[in-house]
Protein chains: 2
Amino acid sequence: MRADARRNREKVLEAARAVFAADGQDAQMPDIAKRAGVGVGTVYRHFPTKEALIEALARDHFERLADGAEATAAREGDPWALLLTLVHACGERCANDRGLAAAVGGNRDILADVAAEQHRLRAATTSLLERGKASGQVRADATMDDVSMLMCSLAKIADMENDGREGFSWRRFADIAFEGLRAR
Amino acid sequence: MRADARRNREKVLEAARAVFAADGQDAQMPDIAKRAGVGVGTVYRHFPTKEALIEALARDHFERLADGAEATAAREGDPWALLLTLVHACGERCANDRGLAAAVGGNRDILADVAAEQHRLRAATTSLLERGKASGQVRADATMDDVSMLMCSLAKIADMENDGREGFSWRRFADIAFEGLRAR
DNA sequence: AGGGAAACGGACTTCGACTTCCACTTTACA
DNA sequence: TGTAAAGTGGAAGTCGAAGTCCGTTTCCCT
């Protein structure tokens with residue numbers, strides 16, 4: 001691959017990240033091209049469709065999420081606090097990136113393309129969840145899917161907060177909903 | 001208004017209800033017209049834009065939600081159970097109607113148009129919330145917005161469940177997240 | 001009954017997005 | 001340096017969905 005091509009590919013990815021972060025899934029290709037300082041043709045040379053571009057970004061995002069989750073799961077200490085950390089990290093990222101929020105709460109097509117990363121994320125979360133159950137802090141019937149739902153709903157609330165919905169706070173919501181997983 | 005016009009208006013509303021329930025916000029106008037057994041021109045005669053049609057349906061939905069909430073709030077008995085009933089009713093309706101789910105979790109334009117109905121819903125919920133606090137079942141710092149966020153997230157989870165997302169269950173999620181409002 | 005206004009239907013227009021195409025430019029290599 | 005292949009830009013093409021228009025039909029009132 002030619003050097004200028006590789007450079008442009010990076011510029012496109014970088015621009016796409018920014019534009020999708022700001023506008024979510026309905027970011028527009030010409031905007032991305034303009035921001036990258038290239039023509040739309042160049043964008044399409046590197047990513048045959050908009051969906052392919054979204055997928056590349058989604059993979060990137062989920063990789064980071066999974067990395068973060070594995071790092072958190074590897075830490076010593078209070079499982080409850082670590083789980084909360086993990087959930088907060090998800091909220092934080094979704095709040096800063098509407099594209100990610102859309103991907104997390106999004107259609108199954110995209111999620112299928114990042115199945116590997118998703119699996120790592122689930123595995124890390126599950127291990128923390130089990131630790132939490134063992135320590136008696138997490139309710140015994142909690143499942144990975146419960147945490148999944150929590151994360152997805154969190155993505156939605158973060159997105160609505162970004163939309164300017166009064167009184168909405170993803171941090172507040174995360175704290176409350178997460179309490180529902182506590183053993184009693 | 002002519003009799004046939006009124007009849008057609010009802011047919012359109014009825015069809016729109018069904019199509020939006022099944023397809024959510026991206027239901028298509030020709031589909032609605034076909035289902036109603038009329039031409040698209042007739043649909044546009046009664047509702048100048050797609051948005052106007054959505055708004056009419058949303059108002060209808062929120063009216064029912066508000067009515068249900070007020071009825072629940074007026075009942076005697078355990079405030080906690082009544083609040084849960086109310087939250088479940090919201091989930092149930094969202095699960096049965098993707099249009100409603102989209103409206104609840106949706107853009108502020110639509111919600112602004114049903115401000116009055118939303119206000120009744122909020123008022124009824126608030127009164128139950130206060131009863132719950134007074135009885136010591138609900139955490140003292142809970143707010144109406146917390147319940148709002150819970151309902152919106154519930155709409156999202158119900159929608160994802162309808163999308164066929166494995167392991168997702170709005171009832172399960174409602175129960176868990178709602179527990180987060182319990183006083184400790 | 002009959003005339004005129006209201007309503008209807010659905011082909012057509014518009015519009016806004018994604019995507020393609022190709023004349024031109026840049027790079028890499030002999 | 002010259003040349004062929006790779007890459008570029010952005011105007012034009014395509015496509016799907018919303019919305020319009022007008023000849024035809026239906027209804028209501030006298």
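This one's a predicted model, so the numbers in the text were calculated from it and none came from an experiment. Protein chains get the first letters and strands the later ones, always in sequence-line order, with residue 1 at the start of each.
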Item to check | Note, B/E51 side chain near B/E55 side chain (heavy atom, < 4.5 Å) | outcome: no
Next on the checklist: Before you tell me yes or no, could you show the steps for B/V114 and B/H61 under side chain to side chain contact (heavy atoms under 4.5 Å, CB included), namely the whole-Å CA-CA distance, both residues' side-chain angles and the distance that decides it to 0.1 Å?
Outcome noted: CA-CA 10 Å; B/V114 296; B/H61 278 310; over 6 Å; no
Next on the checklist: Please give me every residue in residues 35-45 of chain B whose heavy atoms get under 4.0 Å of an atom in DNA chain C, ordered by residue number.
Outcome noted: B/G37, B/V38, B/G39, B/V40, B/G41, B/T42, B/R45
Next on the checklist: If you define the side chain from C-beta out and look only at heavy atoms, does anything of A/R35 sit under 4.5 Å from A/E14?
Outcome noted: no
Checklist entry - Looking at side-chain heavy atoms only, is the closest gap between A/C152 and B/M160 below 4.5 Å? => result yes
Checklist outcome for this item: When every non-hydrogen atom of A/L129 is compared with those of A/M144, the smallest separation belongs to CD2-N, 3.6 Å
Item to check | Side-chain donor/acceptor contact of A/R2 with base of C/dA28 under 3.5 Å | outcome: no
Checklist entry - Side chains of B/L86 and B/V147: closer than 4.5 Å at any heavy-atom pair? => result no
Checklist entry - Under the side-chain contact (heavy atoms from CB on, under 4.5 Å) test, which residues partner A/E92, sequence neighbours left out? => result A/N96, A/W170, A/R171
Checklist entry - Do we see a donor-acceptor contact under 3.5 Å between the side chains of B/Q28 and B/D23? => result no
Item to check | Ion pair B/D67/B/R120, N-O distance below 4.0 Å | outcome: yes
Item to check | Presence of B/H46 side-chain N/O under 4.0 Å of C/dA7 phosphate oxygens OP1/OP2 | outcome: no
Next on the checklist: Does B/A3 reach a base, just sugar-phosphate, or nothing at all? Heavy atoms under 4.0 Å.
Outcome noted: sugar-phosphate
Item to check | Where B/R17 and B/D60 come nearest, the two heavy atoms and their spacing | outcome: NH1-OD2, 3.4 Å
Item to check | Minimal non-hydrogen separation, B/Q25 against B/K50, with atom names | outcome: O-NZ, 3.2 Å
Checklist entry - Is there a side-chain contact between B/D141 and A/R172 (heavy atoms, below 4.5 Å)? => result yes
Next on the checklist: In whole Å, I'd like the distance from the NZ atom of A/K50 to the P atom of C/dT19.
Outcome noted: 8 Å
Item to check | Contact summary for B/V87 and B/A174, nearest pair of heavy atoms | outcome: CG1-CB, 4.5 Å
Next on the checklist: For a 4.5 angstrom cut-off between non-hydrogen side-chain atoms, does B/R98 reach B/F20?
Outcome noted: no
Checklist entry - For DNA chain C, what residues of residues 19-32 of chain A have any heavy atom nearer than 4.0 Å? => result A/A27, A/Q28, A/M29, A/P30
Item to check | Terminal contacting nucleotides, 5' and 3', DNA chain D versus chain B (heavy atom, 4.0 Å) | outcome: D/dA17 to D/dC28
Next on the checklist: Any non-hydrogen side-chain atom of A/R9 less than 4.5 Å from a side-chain atom of A/T42?
Outcome noted: no
Checklist outcome for this item: Within residues 97-114 of chain A, those residues having any heavy atom closer than 4.0 Å to DNA chain C are none
Would you tabulate the nitrogen or oxygen pairs shorter than 3.5 Å linking the protein to nucleotides 12-14 of chain C?
none

Checklist entry - Atom CE of B/M1 and atom P of C/dA7: how far apart are they, to the nearest Å? => result 6 Å
